[in-house]
Amino acid sequence: MARLGAGSIGRRIDRALDLVDRAAQGFSQALLMAIICVVSAQAFCRFALNQSLIWSEEVSAWCMVWVVFIGAIPLMRRDGLVSIPIFVTLLPPMARAAAVIISRAAGLAACLFVAWYGVLVVAGSFNMFSQATGLNTRYIKLCVPI
């Protein structure tokens, strides 16, 4: 029986995170394509057929909410979120390292708080049904804890 070392566990964690990262990217891309298709169908129906799709705006807005929350996964992993590092670059190297660690810890704390609150919202009893599609809004809010 082979022993698992720290390097082996680290590689497994990296592979799992890569899988989550690729899944989040693929899902975000699919949702963006869905938004394009829904909005294009709405424009066609409105201008060519003189009819309106009553559900298109709501569905595209829901997809955009999911894109924001799920698309943040690969951005956070690559440190691709918007930041203004001007004050951090003015610090000496040791203070700069401490500032980066503190900012990452604060970001993790914020993500954990949002996920915790998202679980409360999804599990709560104040979800309602959409007028246009008839879907429970719990499914839209599910992107927050995910």
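Atom set for the values below is all heavy atoms of this structure, side chains included, hydrogens, waters and symmetry mates excluded.
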Say whether, by atom type as modelled, one donor and one acceptor occur between the side chain of Ser52 and the main chain of Ile54 under 3.5 angstrom.
no
Between Arg15 and Asp21, is the closest basic N to carboxylate O distance under 4.0 Å?
no
With heavy-atom distances below 4.5 Å as the criterion, would you say the side chains of Phe69 and Ile146 are in contact?
no
Any chain of hydrophobic side-chain contacts (each under 4.5 Å) joining Val39 to Met64?
yes
Sidechain-backbone polar pair: Arg138 side chain, Gly124 backbone, donor-acceptor under 3.5 Å
yes
Classify the ring geometry between Trp116 and Phe113 as parallel (under 30°), tilted (30 to 60°) or perpendicular (over 60°).
tilted
Thr133 side chain to Ser130 main-chain N or O, any donor-acceptor pair under 3.5 Å?
no
Side chain to side chain, Phe129 and Thr137, heavy atoms closer than 4.5 Å
no
Close side-chain approach of Gln42 and Ser60, heavy atoms under 4.5 Å:
no
CG of Leu75 to OG of Ser28: how many Å apart, nearest 0.5 Å?
8.5 Å
Would you check if the distance from the ring center of Trp66 to the ring center of Phe27 is below 6.0 Å?
yes
Applying salt bridge (charged side-chain N to carboxylate O under 4.0 Å, His left out), name anything that partners Arg104, two or more places apart in sequence or on another chain.
Asp79
Is there side-chain contact between Cys143 and Val65, with at least one heavy-atom pair below 4.5 Å?
yes
Who are the salt bridge (charged side-chain N to carboxylate O under 4.0 Å, His left out) partners of Arg46, not counting sequence neighbours?
none
Mind checking whether Arg77 and Ile73 have side chains closer than 4.5 Å, heavy atoms only?
no
Closer than 3.5 angstrom, by distance alone: can the side chain of Asn127 be matched with the main-chain N or O of Val122 as a donor-acceptor pair?
yes
